[in-house]
There are 2 protein chains.
Amino acid sequence: MKLTARKIGAVLKSRGYRLTPQRNAILSAVTASHDHLTPTAIHEKVRREHKNIGLVTVYRTIELLAELGLICEVHSGGNCHSYLLRRPDQHHHHLICSGCGTVADFTSCDLSDMEQKVSRQTGFDINSHLLEFMGLCRSCQKDDRPEGSVSGAK
Amino acid sequence: MKLTARKIGAVLKSRGYRLTPQRNAILSAVTASHDHLTPTAIHEKVRREHKNIGLVTVYRTIELLAELGLICEVHSGGNCHSYLLRRPDQHHHHLICSGCGTVADFTSCDLSDMEQKVSRQTGFDINSHLLEFMGLCRSCQKDDRPEGSVSGAK
DNA sequence: CTGTAAATGAAAACGTTTTTCAACTGCGAG
DNA sequence: CTCGCAGTTGAAAAACGTTTTCATTTACAG
């Protein structure tokens with residue numbers, strides 16, 4: 001089940017939230033992007049169409065979407081406040097391209113063996129984990145830029 | 001080889017950096033703690049002994065230590081700018097206690113199988129990963145607090 | 001001891017996130 | 001279709017966290 005702006009809108013309504021033009025614009029921006037976006041980046045994108053939407057509204061909408069589990073946070077690449085539409089329903093992790101910021105999903109994560117081992121070694125009772133992979137996506141591998149010419153993922 | 005304040009001091013000198021009382025105080029604070037600490041937390045700790053050390057100096061020292069690979073950054077628990085003395089020399093990961101903030105190390109990390117699989121699936125050329133485990137350390141499991149009574153790890 | 005480059009602290013500048021508040025509006029009740 | 005109000009918005013201000021600037025101080029090589 002892929003989330004679209006429309007579907008997310010329906011979720012909001014069903015939860016008693018209003019579907020405003022501002023929220024719709026933000027939903028479109030987020031669902032349209034394959035990158036992870038910072039609040040400011042979302043604001044800039046949305047602004048092109050929707051001139052005087054406030055950055056505050058972006059923050060508030062992000063908070064809402066995160067609460068409802070509709071977006072994911074990405075840590076890699078220096079920026080800890082970068083968001084992405086939640087694509088797989090299940091537990092999953094992300095691969096972040098350090099070239100263009102594109103994010104791919106990865107659902108078959110099995111860390112249970114490692115968790116057990118670590119648990120035994122340290123005595124910790126583990127209840128969650130954070131896992132992200134960084135690298136270059138197919139198209140950035142081809143581009144094969146000289147160095148330090150990162151474009152996306154500001 | 002466990003890092004002590006003294007050893008880190010030696011590293012700094014050998015690299016041409018000066019060993020000031022302020023830096024020494026920060027080194028002691030960091031090496032003494034088993035938690036991950038934010039810049040502000042380090043500042044507060046150091047201040048107790050060294051009344052008018054500036055927060056700026058803490059930031060500058062953290063930057064220096066990170067550059068030299070002597071401290072690690074911890075992401076879990078909401079705070080993305082939290083630091084910890086680097087303990088194992090080798091590649092390793094962290095287990096963070098959500099009760100008290102204590103961090104344990106974990107060196108036997110083998111994600112290469114998973115990396116290969118994901119690489120094949122997505123076409124990404126993976127070159128690094130971020131992995132952290134969260135849970136309760138042995139002593140916080142015993143405490144078994146009601147809920148929401150997190151003490152450390154601000 | 002001395003000279004000098006490195007380091008420090010205070011203040012200001014900055015960018016990001018949150019709070020406040022008056023004005024506006026989506027949408028359900030009628 | 002209209003009305004009313006709770007939910008939502010934008011602007012401005014406040015609150016943070018981090019970086020820059022600059023004059024002063026200091027570690028330490030010589």
Side-chain angles (χ1 to χ4, degrees), chain A residues 5-6 8-29 36-68 71 73-75 77-83 153-154, chain B residues 5-6 8-29 36-68 71 73-75 77-83 153-154:
Chain A
R6 182 174 295 267
I8 297 182
V11 173
L12 291 192
K13 290 198 82 170
S14 77
R15 298 286 199 114
Y17 297 104
R18 288 188 187 163
L19 203 42
T20 65
Q22 291 92 332
R23 280 181 184 166
N24 260 318
I26 294 171
L27 295 184
S28 303
H36 48 121
L37 300 169
T38 60
T40 309
I42 295 176
H43 187 221
E44 277 163 10
K45 273 193 123 191
V46 171
R47 244 180 184 216
R48 284 178 214 147
E49 301 290 298
H50 216 280
K51 332 234 169 194
N52 74 324
I53 190 170
L55 179 54
V56 217
T57 300
V58 173
Y59 272 99
R60 287 190 277 228
T61 305
I62 288 175
E63 193 187 0
L64 182 58
L65 294 175
E67 228 173 81
L68 298 179
I71 52 174
E73 208 176 353
V74 168
H75 287 260
N79 203 316
C80 298
H81 295 253
S82 218
Y83 303 87
K154 282 135 217 152
Chain B
R6 181 174 296 267
I8 297 182
V11 174
L12 290 192
K13 289 199 83 168
S14 77
R15 298 285 198 116
Y17 296 104
R18 290 186 185 163
L19 204 42
T20 65
Q22 291 92 331
R23 280 181 182 166
N24 260 318
I26 294 171
L27 295 183
S28 303
H36 48 121
L37 301 169
T38 60
T40 309
I42 295 175
H43 187 220
E44 276 163 11
K45 273 193 122 189
V46 170
R47 244 181 183 215
R48 283 177 214 147
E49 300 290 298
H50 215 278
K51 334 235 169 193
N52 73 324
I53 189 171
L55 179 55
V56 217
T57 300
V58 174
Y59 273 100
R60 287 190 278 228
T61 305
I62 288 175
E63 193 187 0
L64 182 58
L65 295 174
E67 227 173 82
L68 298 178
I71 51 174
E73 206 176 357
V74 168
H75 286 260
N79 204 315
C80 298
H81 296 254
S82 218
Y83 302 86
K154 282 135 218 151

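Protein chains get the first letters and strands the later ones, always in sequence-line order, with residue 1 at the start of each. Every heavy atom of this structure was used, including side-chain atoms; hydrogens, water molecules and symmetry mates were not.
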Exam field: side chain Arg23(A) to backbone Arg18(A), donor-acceptor pair closer than 3.5 Å: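 Yes.
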His43(A) (side chain) donor-acceptor with Ile53(A) (main chain) under 3.5 angstrom: yes
Taking the side chain as C-beta and beyond, is there a heavy-atom pair between [X] and [Y] under 4.5 Å?
X        : Y        : result
Asn79(B) : Val74(B) : no
Thr57(B) : Val46(B) : no
Arg60(A) : Val56(A) : yes

What heavy-atom pair brings [X] and [Y] nearest, and what distance separates the two atoms?
X        : Y        : answer
Glu73(B) : Cys80(B) : OE2-O, 3.2 Å
Val58(A) : Ile26(A) : CA-CD1, 3.8 Å
Ser82(A) : His36(A) : OG-ND1, 2.8 Å
Leu37(A) : Ala29(A) : CD1-O, 4.4 Å

Worked check of side-chain contact (heavy atoms from CB on, under 4.5 Å) between Leu65(B) and Leu27(B): CA-CA 9 Å; Leu65(B) 295 174; Leu27(B) 295 183; 3.9 Å; yes
Distance in angstrom units between Glu63(B) CD and dA6(C) P, rounded: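 So the CD-P distance, Glu63(B) to dA6(C), works out to 15 Å.
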Rounded distance (Å) that lies between atom C1' of dA10(C) and atom CD1 of Ile53(B): 14 Å
Contact boundaries on DNA chain D for chain B, cut-off under 4.0 Å to non-hydrogen atoms: dG17(D) to dC28(D)
Produce the list of close N/O pairs, under 3.5 Å, pairing protein atoms with atoms of nucleotides 18-23 of chain C; give distances to one decimal.
none

Stretch residues 17-29 of chain B: residues that reach within less than 4.0 Å of DNA chain C through a heavy atom: Tyr17(B), Arg18(B), Thr20(B), Gln22(B), Arg23(B)
